[in-house]
Amino acid sequence: MTVAADSGTSLVQSVDWLAIAPPTIVAVVGLIVLVADLFTPEKRKHLLGFVAIAGLAAALVTLVPLRKGDRETFCLTTDTAACSYTADHFTLVIQFLVLGGALLTALLSLHETRTRLPAGEFWFLLLSSAAGAALLPASRDLATLVVALEVASLPAFALVGLRRGDRLSSEAALKFFLSSVTATAVMLLGVSFVYATTGTLHLTRIATELDDVPGQLDTLAQAGVALTLVGFAFKTAAVPFHFWVPDTYVGAPLPIAAYLSVIGKAVGFSGLILVTVIAFPGYADVWGPAIAVLAALTMTAGNVAALRQSPTRAWSAVRLLAWSSVAQAGYLLVPIAAAAYSSDDQIGATVAYALMYAVVNLGAFAVAALVARSRPLNRVADYRGLYAGHPLAALAMAFFLLCLAGLPPGIIGLFAKVTVFSSAVDAGLGWLAVVMAVNVVIALYYYLKWTAVLFRAPEGAVEGAAADGDEAEPVHKGAPAPVTVVIVLAVVAGIALSGYPQLILRFAAGTLF
């Protein structure tokens, strides 16, 4: 029954079920998987993976009727312009990235859940995290943002440590958890400062109230703005909140490392964009320079650390991808910093770059999962001779690495980097553009070095043949069908976007808001 105020205004919020369908479907399917796991025989638990994949696919389909955007729900009954959930173009693009990335992660995980991971727990945790990640870009108040961030993060801690009896996995989960909790506590302190100075949690109202903050509260407001950014900077792996990345990626199952590198970053950057551009535009002089410096430090630290990885060190391939993801986070921060100096239109460059990065990084981790089947230490040196054993996988990995480096034939990577570079120049951040250019050159070295390893003769092949005429032992096992599907999908998407790179920019253009 609807209760009405004396003025006749309804006190019951209406719910647009279609607008909230994507995260809701994922959450409901997660609960179904959790309950079904109790009644499913052990030999049939692998079927839960297909239920999870179907749920993610259904959530993706519900984005189609929302493509026009501009749907809002959970609005204040006293001010319908202040809503907690908005399904605009920005929301839909990020939800497409999150749900698509989660779907590819689920495909990558099918083999792992048959052999090493408990299926029921894994699929429930993955779907729960994906539901939170899909909710976050639609959130338009700080309370919902924090809840969505934690719903996306808490299951991820468990996913990292899900390999029972594995010391590295447990250690990685603990480091990830402790550092994340610290960042969240700092962010909540910032949120409380913002609420104290504005009296509201809705992002649009915060922007209005911050324009009129009394002088005696200005310092408190600035502190609140700065501290609120910390939690999202942690999720993006921005320096100095990046130290958890390499150990977490090494200890986590490879599909989860891929998930964190793509969906985790999407969550962080979505939150960062929402709070800076919508809630804190009046304090651009506070967060603009801070994010610009973070971008420069992040890309430099990531590339230098990746450069120093020894190819014979255990898990060096995963560590290199981890440090590479830190460097890529630095590039992604550039347009957000530029938005403080020019206009919100710069945000489209970050979204376009994130879409490119998601495609090629998930593909690179899929090849890494393939190599790990026969070389569990996953060193860069283990990729030597991949072309001899798996020519198509080697060509795919080379394509992904060249995309990340921004070299042809990976045109989409070059296009994305030029777009980000242009946003810095247009905003008058010439020094940041120079730092980015230097870092792109540094990154070329380790990407090309890894690419060259793929096509070298397998170690000992020539010497062994000369000694006794025997063939070298095969170094790479066959690829499971789901892993092959992920690699093929990533290659097809990368080639299509390289052939028509304007498509990704048009898809991301006008993203805000």
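A quick note: this is a predicted structure, and the numbers were derived from the prediction, not measured. This chain uses plain numbering: 1 for the first residue, then up along the sequence.
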Please tell me if the side chains of Leu188 and Thr228 come closer than 4.5 Å, counting only heavy atoms from C-beta onward.
no
Side-chain (Ser180) to main-chain (Phe177) donor-acceptor, under 3.5 angstrom
no
Parallel, tilted or perpendicular: rings of Tyr85 and Phe74 (30°, 60°):
perpendicular
Salt-bridge present (Arg167, Glu171; N to O < 4.0 Å):
yes
Heavy-atom distance under 4.5 Å between the side chains of Leu355 and Val359, does that happen here?
no
Anything under 3.5 Å between a donor and an acceptor, one on a side chain of residues 145-158, the other on a protein residue two or more places apart or in another chain? List them.
residue : atom : partner : partner atom : Å
Glu150  : OE2  : Thr184  : OG1          : 3.1
Ser153  : OG   : Leu149  : O            : 2.8
Ser153  : OG   : Lys235  : NZ           : 3.2

Which heavy-atom pair separates Gln95 from Ala134 by the least distance, and what is that distance?
NE2-O, 2.8 Å
Can you list the steps and then say if Met356 with Leu497 is a side chain to side chain contact (heavy atoms under 4.5 Å, CB included)?
CA-CA 8 Å; Met356 179 281 300; Leu497 293 174; 5.9 Å; no
Where at least one partner belongs to residues 250-302, residue pairs that pass ring pair (Phe, Tyr, Trp, His ring centres under 6.0 Å), sequence neighbours excluded
none
Has Thr24 got a side-chain atom pairing as donor or acceptor with Ile20's backbone, closer than 3.5 angstrom?
yes
Show the nearest heavy-atom pair for residues Glu112 and Pro255, with the distance to one decimal.
CG-CG, 4.1 Å
Approximate separation, where rounding is to 0.5 Å, of Leu217 CG and Gln222 CD
11.5 Å
Is there side-chain contact between Tyr331 and Val440, with at least one heavy-atom pair below 4.5 Å?
yes
Full working for side chain to side chain contact (heavy atoms under 4.5 Å, CB included) between Ile273 and Phe90
CA-CA 10 Å; Ile273 289 169; Phe90 172 79; 4.0 Å; yes
Interatomic distance, Thr197 atom OG1 to Ile206 atom CD1 [nearest 0.5 angstrom]:
8.0 Å
State, to 0.1 Å, how close Arg163 and Pro253 come at their nearest heavy-atom pair, and which atoms those are.
NH1-CA, 3.7 Å
Counterpart residues, side chain to side chain contact (heavy atoms under 4.5 Å, CB included), relative to Val51 (two or more places apart):
Val29, Val33
Donor-acceptor pair, distance only, cut-off 3.5 Å: does the side chain of Thr298 make one with the backbone of Ala329?
no
For the side chain of Thr144 and the backbone of Arg140, is there at least one donor-acceptor N/O pair under 3.5 Å apart?
no
Does any part of the side chain of Val26, heavy atoms only, come nearer than 4.5 Å to the side chain of Leu99, both counted from C-beta?
yes
Whether the side chain of Arg67 engages the backbone of Val64 through a donor-acceptor N/O pair (distance < 3.5 Å, no angle test) should be reported.
yes
Would you confirm whether Asn361, through its side chain, and Ser261, through its main-chain N or O, come within 3.5 Å as a donor-acceptor pair?
no
Any chance you could measure Ile263, atom CD1, to Leu97, atom CG, to the nearest 0.5 Å?
6.5 Å
Apply the test side chain to side chain contact (heavy atoms under 4.5 Å, CB included) to residues Tyr353 and Phe415: give CA-CA distance (whole Å), side-chain angles for both, the deciding distance (0.1 Å), then the verdict.
CA-CA 9 Å; Tyr353 198 103; Phe415 183 80; over 6 Å; no
Does either side chain, that of Asn303 or that of Tyr446, offer a donor lying less than 3.5 Å from an acceptor on the other one?
yes
Given side chains that start at C-beta, do those of Arg71 and Thr86 come closer than 4.5 Å, heavy atoms only?
no
Please lay out, stage by stage, how Ser423 and Asp426 fare under the test side-chain hydrogen bond (donor to acceptor under 3.5 Å, both in side chains).
CA-CA 5 Å; Ser423 71; Asp426 293 343; over 6 Å; no
Between Val239 and Leu297, which heavy-atom pair has the shortest distance, and what is it?
CG2-O, 3.8 Å
Short question: side chain of Ser128, backbone of Gly30 - any donor-acceptor pair under 3.5 Å?
no
To the nearest 0.5 Å, what is the distance between CE (Met187) and CG (Leu229)?
10.5 Å
Mind listing the closest non-hydrogen atom pair of Ser325 and Val245 along with its distance?
OG-CG1, 4.1 Å
For the pair Ser139 (side chain) and Asp141 (backbone), establish whether a donor and an acceptor sit closer than 3.5 Å, ignoring hydrogens and angles.
no
Once rounded to the nearest 0.5 Å, what's the spacing between atom CG of Leu159 and atom CG of Leu260?
8.0 Å
To the nearest 0.5 angstrom, please state how far the NE2 atom of His242 sits from the CG atom of Leu294.
11.5 Å
Let me see the working for Asn439 and Val435 under side chain to side chain contact (heavy atoms under 4.5 Å, CB included), right down to the final yes or no.
CA-CA 6 Å; Asn439 274 280; Val435 172; 3.5 Å; yes
Give a yes or no on whether a salt bridge exists between Asp247 and Arg319, defined as a side-chain N under 4.0 angstrom from a carboxylate O.
yes
Taking C-beta and beyond as the side chain, do Leu142 and Tyr195 meet within less than 4.5 Å on heavy atoms?
no
Thr419 and Ala349 have their tightest heavy-atom pair at CG2-CB, 3.6 Å
Option passing side-chain contact (heavy atoms from CB on, under 4.5 Å) with Asn378 (candidates Leu321, Val250, Val318)
Val318
Gln309 backbone acceptor or donor facing Ser316 side chain under 3.5 Å:
no
Is there side-chain contact between Trp315 and Pro246, with heavy atoms separated by less than 4.5 Å?
no
State, yes or no, whether a side-chain contact exists between Thr198 and Arg205 at a heavy-atom distance under 4.5 Å.
no
